[in-house]
Amino acid sequence: MIDIKFLRDNPDVVRASQKGRGEDVTLVGQVIEIDEKRRVAINEFELLRAEQNTLSKSVGAAKGDEKTKLLESAKDLATRVKNADVKRAELEAQTQNIALQLSNVLDPKAPIGKEEDFVVLEHVGTPREFQNFEPKDHVELGKLLGAIDTERGAKVSGSRSYYLTGVGALLEFALVNYAISSAVKAGFTPVIPPVLVNPPAMEGTGFLGQAAENVYHLEKDGMYLVGTSEVPLAAYHMDEVLPADKLPLRYAGYSTCFRREAGTYGKDTRGIIRVHQFDKVEMFSFCHPDQAIEEHQRLLQWEKDFLNAMEIPYRVIDVASGDLGSSANRKFDIEAWIPTQKAYREVTSTSNCTEFQARRLNIRFKDADGIKAVATLNGTLVAIPRMIVAILENHQNSDGSVNVPKALQPFLGTQRFELV
RNA sequence: GGUGGCGUGUCUGAGCGGCCAAAAGAGCACGCCUCGAAAGCGUGUGUUGGGGAAACUCAACCGUGGGUUCAAAUCCCACCGCCACCGCCA
């Protein structure tokens, strides 16, 4: 949620941000208008309440006729207080309601435009030339290696489902182990969070807004399945005040992620690029707002380190304003080269949510200047299926066997995946 | 799932319907003492919101949400959470 005081002082900045995102600009005016009314209502209520507090005290002290008389007027005042309070509560709720619809204020450096208007920041590595053979896609390779079984996945769980078997399963463990051990080396606290969360956690992280249709909701229990461990990691410190000298607090969460993938019919229907369930190691940082931009760069660097270790060519893009999540003020995606698609495809993503998410979740820090909202940032260290796709396709040999990146060899005990 | 107990500030822990932002202790900060420290002594120490340039002032907050009352941390109801015991269970 946006800071209403900031909005009051800088309405044009917020308007420009909304415009850049292609979102409703008139919300800004609506908030200002209702906020005005809200403050008037607060004032009315508080004046009446103060009067009531004084009167109530004198009722306690009074005796006999005096008391009967006072009670009479106190009763009348009580109803007026109640009415003023109801009005105040309504306006507070309305203000909140509209303010929550506003997205985070864009970083001025974020490219303005729609999804396709991203800016490529850099290319790392060179897409491999397949001289003597036609590269196979990951579905075919997965079958040859006994690593991925999408047919049985569909039989048991429908479309966009799969089994990782044999070296596929082993590859997941290796990726996770490599990711977690490098995260621990970098100072992250490894975390296995709950994936079933309650409404405050889900709402607080901002996933029940535009992204709501992609969330699995267990109505009987009033719970949600998370689409990323960002949710339980962010909510971990919900309603807490963190000591400033402990910042940044960095967590690496390993969890299963659930996504309905509503509205993606026909997109990536083949293989495991877009699935309903996958495992992921996610980095999450709570830091001082003044440090957020640097921290964002660090997260990006750790993501790049991972891709480098996997020996996969990729590019880094600065995601355009229209394609940012509502909490992010800037986002960098890493896209790995997928040979059979002759395209770069998203494998990781890191967002700077500044204080936007923390304000909703009520996560603050305390230093000499007082108590303020922290900044939160997140970034993918490794999303398993997409990384498997990238590894299989980029490191395949003509017979369908696949070379294992050096970094993973200690975890797998082999240099090469052979056909089954 | 059943029964019982409990939820108060950074923590422990008092709290009779009005005198309660809330005793006491601990912690923390500052000061005195000291060569320095510990101990001791003294002072201070919640958050959010409204108004105000500020000093300050007003209001709200005792798990959450309702209710009773002129007045609720205190009484009533619902929910959530924690603890104990029983039942079931990987």
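None of these values were measured; they are calculated from a predicted model. Numbered from 1 within each chain, the chains take letters A, B, ... in sequence-line order.
Nucleotide B/C41 is matched to B/G31 when pairs are restricted to Watson-Crick or G-U wobble geometry with both distances under 3.5 angstrom. Nucleotide B/C82 has B/G5 as its partner under the Watson-Crick or G-U criteria, with both atom distances under 3.5 Å. Base-pair partner of B/A26: B/U10 (Watson-Crick or G-U wobble, both distances under 3.5 Å). Remark: B/A59 base-pairs with B/U48; criterion is Watson-Crick or G-U wobble with both hydrogen-bond distances under 3.5 Å. With a cut-off of 3.5 Å on both Watson-Crick or G-U wobble distances, the partner of B/G18 is given as B/C70.
For the pair A/M238 CE and B/G63 C1', the computed distance is 13 Å after rounding to whole Å. Computed from coordinates, the A/N362 CG to B/U64 P distance equals 13 Å when rounded to whole Å. When rounded to the nearest whole Å, the span between CZ of A/F45 and P of B/A60 equals 6 Å. For the pair A/D239 CG and B/G9 P, the interatomic distance rounds to 13 Å; values are reported in whole Å. Distance A/K82 NZ to B/A72 C1': 12 Å, rounded to the nearest Å. Here the P atom of nucleotide B/C70 and the CZ atom of A/R49 are 13 Å apart, to the nearest Å. If you take CE of A/M223 and C1' of B/C80, they are 12 Å apart, rounded to a whole angstrom. In this entry the distance linking CD of A/E51 with P of B/A59 reads 12 Å, nearest Å.
In terms of phosphate contacts, A/N53 brings a side-chain nitrogen or oxygen within less than 4.0 Å of OP1 or OP2 of B/A59. For A/K57, no side-chain nitrogen or oxygen approaches OP1 or OP2 of B/G18 to under 4.0 Å. The phosphate of B/A71 has OP1 or OP2 within less than 4.0 Å of a side-chain N or O from A/Q52.
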Detail all sub-3.5 Å separations between protein N/O atoms and N/O atoms belonging to nucleotides 47-52 of chain B.
| from | atom 1 | to | atom 2 | distance (Å) |
| --- | --- | --- | --- | --- |
| B/U47 | O3' | A/R364 | NH1 | 3.1 |
| B/U48 | OP1 | A/R364 | NH1 | 3.2 |
| B/G49 | N2 | A/E46 | OE1 | 3.1 |
| B/G49 | N2 | A/E46 | OE2 | 3.2 |
| B/G50 | OP1 | A/R8 | NH2 | 3.4 |
| B/G50 | O2' | A/N43 | ND2 | 2.9 |
| B/G51 | OP1 | A/R39 | NH1 | 3.1 |

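Counted within 6.0 Å of CZ on A/F173, heavy atoms from surrounding residues, nucleotides or ligands total 12 or fewer; the atom is thus considered open. With a 6.0 Å radius and a threshold of 12 heavy atoms from other residues, nucleotides or ligands, A/Y251 has its OH atom above the threshold. Shown here is A/I371, whose CD1 atom has more than 12 heavy atoms of other residues, nucleotides or ligands within 6.0 Å. Counting non-hydrogen atoms of neighbouring residues, nucleotides and ligands closer than 6.0 angstrom, the NZ atom of A/K304 exceeds 12 such neighbours.
A/R298 and A/Q301 share no donor-acceptor pair across their side chains, judged by distance under 3.5 Å alone. Side chains of A/N104 and A/S327: a donor-acceptor N/O pair is absent below 3.5 angstrom, by distance only.
Ring centroid separation for the pair A/H296 and A/F332 comes in under the 6.0 Å cut-off.
A 4.5 Å side-chain heavy-atom check between A/V404 and A/H395 finds every atom pair outside the cut-off.
Taking atom P in both B/U43 and B/C82, one finds a spacing of 42 Å when rounded to whole Å. With both ends at atom C1', the span from B/G15 to B/C19 equals 14 Å, rounded to whole Å. Look at the C1' atom in both B/C20 and B/U74: the space between them is 11 Å, to the nearest Å. Rounded to a whole angstrom, the distance from the P atom of B/A73 to that of B/C56 is 26 Å. Separating the C1' atom of B/A72 from that of B/A60 is a span of 14 Å, rounded to the nearest Å. The same atom, P, is picked in B/G40 and in B/A26; the two are 9 Å apart, to the nearest Å. Taking atom P on both B/A22 and B/U45, the two are 11 Å apart, rounded to the nearest angstrom. B/U8 sits 13 Å from B/G46 when the C1' atoms are compared, rounded to a whole Å.
A cation-pi arrangement is not found for A/R152 relative to A/Y163, the charged atom failing to lie both closer than 6.0 Å to the ring centre and inside a 45° cone about the ring normal.
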